[in-house]
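First the structure, in the form of structure tokens, and then the observations on it.
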Amino acid sequence: MKKTKIFTFLLTALLAGLTACQATSNPKQITPGQEITMSKAVLLDKIKGGWAGQTIGCTYGGPTEFKFNGTMIQDYVPLEWPDGIVKWYYENSPGLYDDVYMDLTFVDVFDRLGLDAPVDSFAMTFATAGYMLWHANQAARYNILQGIMPPASGHWLNNPHADDIDYQIEADYAGLMSPGMPNVASEISDKIGHIMNYGDGWYGGVYVGAMYSLAFVSDDMEFVVAEALKTIPAESRLYQCINDVIGWHKQYPDDWKSTWFECERKWSEDVGCPDGVFVPFNIDAVINCAYIVIGLLYGEKDFYRTIEISTRCGQDSDCNPASSGGILGAMLGYSKIPERWMKNLREVEDMDFAYTAISLNKTYGMGFEQALQVIERNGGKVGAEDVTIIYQSPEPVRYEKAFEGMYPVKKPGINRQIGEVGEFAFEGTGVVFRGNVNAGDKSYVAKVEMYIDGALAETANLPASFTQRRHELFWKYQLPKGKHTVTFKWLNPTSDANIRFGEAVVYDDAAGAKKLY
């Protein structure tokens, strides 16, 4: 379909005030291969609802992001929605929408290069974009710019943040372009999600994409949450955590806080992210995905209640309500998101997101076109007024686990410049060194060698540029169990630069971890 026709259709749908129809009346009776027909107007309404809900949820939780770590946001703490708040963030703090414009990076590649765009196109577009990144995304960007391409760029041996939330907050597009086809969403996520994540970090995105996909064909939130979980291997931490949340929801149907407490007690441990080990801060996909699901289940399809609960769970409290708000928005449809929320959103729908030339209104059209293409490619039909989707029953993706056998045992401070570090000694099976490079010339790239037990382990390029930086200075996993010494040699020192080592994270195997207790 040509873009001019799409925009004509968008205008027609808007002027007609079209609203979403009822989803499948008895979703538990959907069978694999079943044909599900809906009008193009309903399909568009749901796609718009997903993008709108994500943007609203992100804005709502923005003021509390990582200000409540390891604690819920108590009821007496006001969560406000003043007039003009979305436009204010667009104009004053546009980086809030990193999860949205990261989605749009991939949407744009599909738009330019088609559904068969190679993974390298997504990777290079993402790696060379002007926006700032953190955690798994930044680690992957550095890897790609250094020639380590997907899926190696997201693998935990190359990326200490492989289990972090990054792809989970960016996978919305995969579900929104795959209505009723969760396995197609998983295929898309397999290719793109491994750019920056692995294991549970990847599973978070697969699961979110599947929930979006199923929200097109079911208006039963409990069904969507449980059915989408079938895309995740049962032996994974993410599956087990979300399965627990579903069970605790049944045990405490009117008390989301009890489910939150159970999650904190059992699932709040983070072993991978060097920033989150031994501190309340937790950007791990597993616990934050639980907060998405708590909002969806206890929100009972009330938009305000859904994003409020996901926000009050804390930690990444803008991205989690963005995901729950987007999934519910796709289920309800754009036309059924209450006016309280839409009033602020409409002020920005023609404004481009930062670092893009794409507005929400343009996103709606691009997403609609891509969904039509995916429907046709997977056996469905696109008619003049309706589409017919061939429903897919969710199937599990392959099992993979990051940080196998790695247990953090110490996080000693170093707080020295590279010339003062000398010999760092530790006992265990792995180590990560946190720190940064500072230079007046931001194009400067330090070249540093790391020696472990006297043998050269790596020669690394360490850019001073914040957007090109290596998130951690050095790391090495899967070392022989025992005592090790690490030294560093700066090959191209300059008086205008310094390399500061902040702290180390030391890992051991299970036996080494247990001996500390």
Side-chain angles (χ1 to χ4, degrees), residues 10 13-14 18-23 38 41-62 81 85-86 97 99-100 103-104 107 168-180 182 185 207-221 223-225 228 291-311 318-349 353 359-361 363-368 370-371:
L10 289 170
L14 179 64
L18 294 168
T19 60
C21 69
Q22 289 291 323
M38 67 178 66
V42 169
L43 178 66
L44 172 62
D45 196 55
K46 288 178 172 292
I47 291 170
K48 291 175 64 175
W51 289 108
Q54 181 187 13
T55 306
I56 292 167
C58 184
T59 310
Y60 183 69
W81 186 250
I85 185 63
V86 183
Y97 301 104
D99 45 343
V100 184
D103 275 79
L104 297 183
V107 171
Q168 181 170 291
I169 70 175
E170 300 153 9
D172 314 69
Y173 74 95
L176 288 170
M177 65 190 292
S178 308
Y207 181 53
V208 165
M211 286 193 285
Y212 269 101
S213 178
L214 294 171
F216 281 87
V217 296
S218 173
D219 59 3
D220 183 334
M221 188 60 75
F223 171 82
V224 166
V225 165
Y291 300 158
I292 296 169
V293 174
I294 290 172
L296 290 171
L297 292 177
Y298 286 93
E300 298 180 335
K301 297 200 300 183
D302 178 279
F303 192 85
Y304 165 64
R305 188 66 175 152
T306 296
I307 63 173
E308 183 196 28
I309 291 172
S310 286
T311 300
D318 65 327
C319 294
N320 298 329
S323 297
S324 62
I327 292 163
L328 180 58
M331 180 178 286
L332 297 175
Y334 178 92
S335 60
K336 291 186 179 178
I337 298 176
E339 179 61 23
R340 171 187 179 185
W341 308 100
M342 295 304 301
K343 177 183 176 182
N344 281 331
L345 189 75
R346 291 194 186 96
E347 294 181 343
V348 303
E349 286 184 302
F353 284 98
S359 66
L360 274 170
N361 275 330
T363 300
Y364 303 150
M366 295 166 72
F368 180 65
Q370 289 165 16

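Only this structure's heavy atoms are used, side chains among them; waters, hydrogens and symmetry mates stay out.
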Discussion item. Test side-chain contact (heavy atoms from CB on, under 4.5 Å) on Glu347 and Val86; report intermediate values, then the result.
Written reply: CA-CA 8 Å; Glu347 294 181 343; Val86 183; over 6 Å; no
Fill in: Val107 and Trp51: CA distance, side-chain angles, deciding distance, side-chain contact (heavy atoms from CB on, under 4.5 Å) verdict
CA-CA 12 Å; Val107 171; Trp51 289 108; 3.9 Å; yes
Fill in: Worked verdict on Tyr173 versus Tyr212 for ring-ring contact (aromatic ring centres under 6.0 Å, His included)
CA-CA 9 Å; Tyr173 74 95; Tyr212 269 101; 9.8 Å; no
Worksheet item: Can you list the steps and then say if Lys301 with Asp219 is a side-chain contact (heavy atoms from CB on, under 4.5 Å)?
Response: CA-CA 9 Å; Lys301 297 200 300 183; Asp219 59 3; 3.9 Å; yes
Discussion item. For a salt bridge (Lys or Arg N to Asp or Glu O under 4.0 Å) check, start with the C-alpha distance between Glu349 and Lys48, then their side-chain angles and the critical distance, and finish with the verdict.
Written reply: CA-CA 11 Å; Glu349 286 184 302; Lys48 291 175 64 175; 5.9 Å; no
Worksheet entry | Verdict with supporting geometry, Tyr60 and Asp318, side-chain contact (heavy atoms from CB on, under 4.5 Å) | CA-CA 7 Å; Tyr60 183 69; Asp318 65 327; over 6 Å; no
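Nearest heavy atom pair, residue Gly53 against residue Ile337, reads N-CD1, 4.1 Å. The heavy-atom pair separating Thr311 from Pro321 by the smallest distance is OG1-CG, 3.2 Å. Annotation for Met331 and Val224: closest pair CE-CG2, 3.7 Å, computed over non-hydrogen atoms. Nearest approach of Leu345 to Ala52, heavy atoms of both residues: CD2-CB, 3.4 Å. For the residue pair Phe303 and Gly325, the shortest heavy atom distance occurs at CE1-O, 3.6 Å.
One finds the CD atom of Glu308 at 11.0 Å from the OG atom of Ser324 (value rounded to the nearest 0.5 Å). Interatomic distance, CG of Asp45 versus CZ of Phe216, reported as 10.0 Å (0.5 Å rounding). In this structure, OG1 on Thr55 lies 8.5 Å from CG on Asp99, to the nearest 0.5 angstrom. With rounding to the nearest 0.5 angstrom, the CE atom of Met221 is 11.0 Å from the CG atom of Leu214. The structure places CD1 of Ile56 at 8.5 Å from CG of Asn344, a figure rounded to the nearest 0.5 Å. Between the CE atom of Met211 and the OG atom of Ser323 there is a distance of 7.5 Å, given to the nearest 0.5 Å.
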Can you give the donor-acceptor pairs under 3.5 Å from side chains of residues 291-300 to other protein atoms, not counting sequence neighbours?
unit_1 : atom_1 : unit_2 : atom_2 : d
Tyr291 : OH     : Glu264 : OE2    : 2.4
Tyr298 : OH     : Tyr252 : O      : 2.6
Tyr298 : OH     : Thr259 : OG1    : 2.7

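For Arg340, the salt bridge (Lys or Arg N to Asp or Glu O under 4.0 Å) test picks out no residue, with sequence neighbours left out.
By the 30° and 60° cut-offs, the orientation of the rings of Tyr304 relative to Trp341 is parallel.
Taking the side chain as every heavy atom from C-beta outward, Phe353 and Ser359 never approach each other to under 4.5 Å. At a threshold of 4.5 Å between non-hydrogen side-chain atoms, the residues Met342 and Lys336 do not count as touching.
A distance-only check finds no donor-acceptor pair linking the side chain of Lys46 to the backbone of Leu332 [under 3.5 Å]. Within the 3.5 Å criterion, the main-chain N or O of Val225 finds a donor-acceptor partner in the side chain of Tyr207. Judged by distance alone, with hydrogens and angles left aside, the side-chain atoms of Ser213 form no donor-acceptor pair with the main-chain N or O of Pro179 at under 3.5 Å.
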